[in-house]
**Student:** 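Below is the structure I would like to discuss, written out as structure tokens.
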Amino acid sequence: MVSMESSSKNDEQQNLPIFSKKNPNTAMTKKGVYVAISYMACAVLLVIFNKAALSSYSFPCANVITFFQMLSSTLILYVLRRWKVISFTVQDSHTVVARTTDLVPFKKVLHCTPVALSYLLYMLVSMESIRGINVPMYTTLRRTTVFFTMMAEYFLARKKYSSYVVTCVGIIILGAFVAGARDLSFDYYSYTVVLVSNITTAVYLACISSLGESSGLNSFGLMWCNGIICTPILLLWIAYSGDLEATMNFSYLYTTGFQAVIVLSCALAFLLNYSVFLNTTINSALTQTVCGNLKDLFTVGFGWLVFRGLPFDLLNIAGQCLSFLGSCLYAYCKLKGI
């Protein structure tokens, strides 16, 4: 894996978190475009593999998958840091070679506790939200995250966006309601969990942006703090709840197919978490959310082809297209700095 190295002042400015005094309507850089595309690819594949584990294999313990994802990410970060492939601080990120193998001081870990706890809540709710709902409708409801992100940024940082951006977000939300209009009358629990997941996602993204700059840590450092805080908490929870015992008794636990799904899910979770941090700091939390809407187009297609969970009807297609149009318009506004 390539370390986060940069030798130019321009690159340093590009990595300012969105809660700095940076203009929220700044045009997206080429690096920002690459980061956004990487995030979308990881996100699509992760949803598919998580859905396969929870639905196709009927694995009953979503929290166990979350635990393995956190544990594997933390171990990968530790090994890469010890090998001096990556650094955990912004200062070391801009040197050619990381001079030490030091980890994050305890004081900074405590500083990042709000980010870690919001991450844990986000992971737990998001994993559970995909279980009882088909992939196309899951992605449709997840689009409302845009609204919650804008509200979180406004109340936490008094951040405002242009009328063009607000209009684009409105189109996205309208498309989500149109797409789900025929399907929103059943399974209230699953749909409520998805909406709660949207709220936790917005809070998580806002916390990344709010505390990322003041902590002095880069994306890898923030991920490391998330892992060492959340992994022990989640281990205690799944042991207390009986999920570990249920996992050991799971009929498909030792099958090659299920193990491959879990391994790929853990690898993609690491790449996705990093791309979320990077996309949020290089671009913005709202850009990160709208990238989630763009990747939904591909997720819906895979969901129809692989899981066949939703009938193919004109109203749903119209809503998906309308929401996709709103995402494209927002991307245009960002590219032009409107």
Side-chain angles (χ1 to χ4, degrees), residues 1 3-4 15 17-19 35 38-39 42-43 46 50 62-82 85-90 92-93 101-129 145 149 152 156 197-238 265-282 285 288-289 292:
M1 180 178 292
S3 61
M4 297 176 59
N15 284 276
I18 64 168
F19 275 58
V35 169
S38 298
Y39 157 75
C42 292
L46 183 60
N50 285 343
N63 291 342
V64 172
I65 297 179
T66 304
F67 169 75
F68 280 121
Q69 290 175 349
M70 288 185 180
L71 179 62
S72 60
S73 294
T74 304
L75 292 176
I76 291 172
L77 288 171
Y78 179 81
V79 171
L80 293 178
R81 182 65 187 124
R82 286 305 184 190
V85 177
I86 61 173
S87 65
F88 283 165
T89 63
V90 174
D92 288 340
S93 298
T101 59
D102 294 341
L103 302 177
V104 178
F106 182 71
K107 185 176 181 179
K108 287 189 177 181
V109 173
L110 291 180
H111 179 79
C112 295
T113 299
V115 176
L117 295 180
S118 65
Y119 169 73
L120 178 61
L121 183 61
Y122 152 72
M123 287 289 287
L124 293 177
V125 178
S126 297
M127 185 66 71
E128 180 63 27
S129 66
T145 306
T149 302
L156 292 178
S197 175
N198 293 345
I199 297 174
T200 60
T201 302
V203 173
Y204 171 54
L205 295 177
C207 286
I208 291 175
S209 299
S210 179
L211 298 177
E213 182 179 21
S214 60
S215 69
L217 301 175
N218 59 20
S219 300
F220 291 123
L222 290 172
M223 289 174 63
W224 169 257
C225 290
N226 279 354
I228 61 176
I229 293 174
C230 297
T231 303
I233 296 175
L234 190 54
L235 177 60
L236 292 175
W237 171 251
I238 62 177
S265 175
C266 291
L268 287 168
F270 173 79
L271 295 175
L272 178 62
N273 288 332
Y274 175 57
S275 65
V276 167
F277 278 120
L278 209 57
N279 200 25
T280 304
T281 53
I282 291 179
Q288 160 65 28
T289 303

**Student:** Are the side chains of I233 and L117 in contact, using a 4.5 Å heavy-atom criterion?
**Tutor:**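 They are in contact (side-chain heavy atoms under 4.5 Å apart), so the answer is yes.
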**Student:** To the nearest 0.5 Å, tell me how far I65 CD1 sits from I238 CD1.
**Tutor:**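 Interatomic distance, I65 CD1 to I238 CD1, rounded to 0.5 Å: 11.0 Å.
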**Student:** Taking all non-hydrogen atoms of both residues into account, name the closest pair between V104 and V109 and its distance.
**Tutor:**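 Between these two residues, the closest heavy atoms are CG1-CG2, 3.8 Å.
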**Student:** If we only count heavy atoms from C-beta on, is the W237 to L124 side-chain gap below 4.5 Å?
**Tutor:**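 No, side chains not in contact.
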**Student:** Where do C266 and S72 come nearest, in terms of heavy atoms and distance?
**Tutor:**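 Distance-wise, the nearest heavy atoms are CB-OG, 3.4 Å.
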**Student:** Can you name the side chain to side chain donor-acceptor pair (under 3.5 Å) partners of S197, sequence neighbours left out?
**Tutor:**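 Here the qualifying residues are S126, R142.
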**Student:** By side-chain contact (heavy atoms from CB on, under 4.5 Å), which residues pair with S275, not counting sequence neighbours?
**Tutor:**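 For S275, the residues satisfying side-chain contact (heavy atoms from CB on, under 4.5 Å) (neighbours in sequence not counted) are Y39, L272.
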**Student:** Supply the atom-to-atom distance T231 OG1 to L236 CG, rounded to the nearest 0.5 angstrom.
**Tutor:**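 Spacing of OG1 (T231) from CG (L236) equals 11.0 Å.
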**Student:** Could you tell me whether F220 and F88 have their ring centroids closer than 6.0 angstrom?
**Tutor:**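 No, the ring of F220 stays outside the 6.0 Å limit from the ring of F88, centre to centre.
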**Student:** Taking all heavy atoms of G227 and all of T74, pick out the closest pair and write down the distance.
**Tutor:**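 Minimum heavy-atom contact is CA-OG1, 3.2 Å.
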**Student:** Below 4.5 Å, heavy atoms only, C-beta onward: do M70 and C230 meet side chain to side chain?
**Tutor:**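 Contact flag for M70/C230 side chains = yes.
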**Student:** Might you point out which heavy atoms bring L217 and C225 nearest each other, and give the distance in Å?
**Tutor:**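 Answer, listing the atom of L217 first, then C225: CD1-SG, 3.7 Å.
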**Student:** Sequence neighbours left out, what passes side chain to side chain donor-acceptor pair (under 3.5 Å) with S265? Give chain and number order.
**Tutor:**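 By the side chain to side chain donor-acceptor pair (under 3.5 Å) rule, S265 matches N50, Q69.
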**Student:** Got a second to check how far L103's CG is from I228's CD1, nearest 0.5 Å?
**Tutor:**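 One gets 8.0 Å once the value is rounded to the nearest 0.5 Å.
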**Student:** Which atoms form the tightest heavy-atom contact between S215 and C112, and what is the distance?
**Tutor:**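 Nearest pair, atom of S215 first, then C112: CB-SG, 3.9 Å.
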**Student:** Got a donor-acceptor contact below 3.5 angstrom from the N218 side chain to the S87 backbone?
**Tutor:**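 Indeed, once roles are kept as given, a pair shorter than 3.5 Å links the two residues.
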**Student:** Answer whether the closest heavy-atom distance between the side chains of L77 and M223 falls below 4.5 Å.
**Tutor:**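 Answer yes - side chains close enough.
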**Student:** Distance from F270 atom CZ to L75 atom CG, nearest 0.5 Å?
**Tutor:**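 Here the rounded value is 11.0 Å.
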**Student:** Give, for atom CG of L271 and atom SG of C42, the distance between the pair rounded to the nearest 0.5 Å.
**Tutor:**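 Spacing of CG (L271) from SG (C42) equals 4.5 Å.
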**Student:** So, applying side chain to side chain contact (heavy atoms under 4.5 Å, CB included) with V115, which one of V203, N226, I229 is it?
**Tutor:**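 Exactly one candidate clears the test, N226.
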**Student:** Once you measure the plane-to-plane angle for Y119 and Y204, does it fall in the parallel (<30°), tilted (30-60°) or perpendicular (>60°) bin?
**Tutor:**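 The arrangement is tilted - the two ring planes meet at 30° to 60°.
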**Student:** Quick one: pull up OG in S129 and OH in Y122 and give me the separation to the nearest 0.5 Å.
**Tutor:**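 Rounded to the nearest 0.5 Å, the OG-OH separation comes to 9.5 Å.
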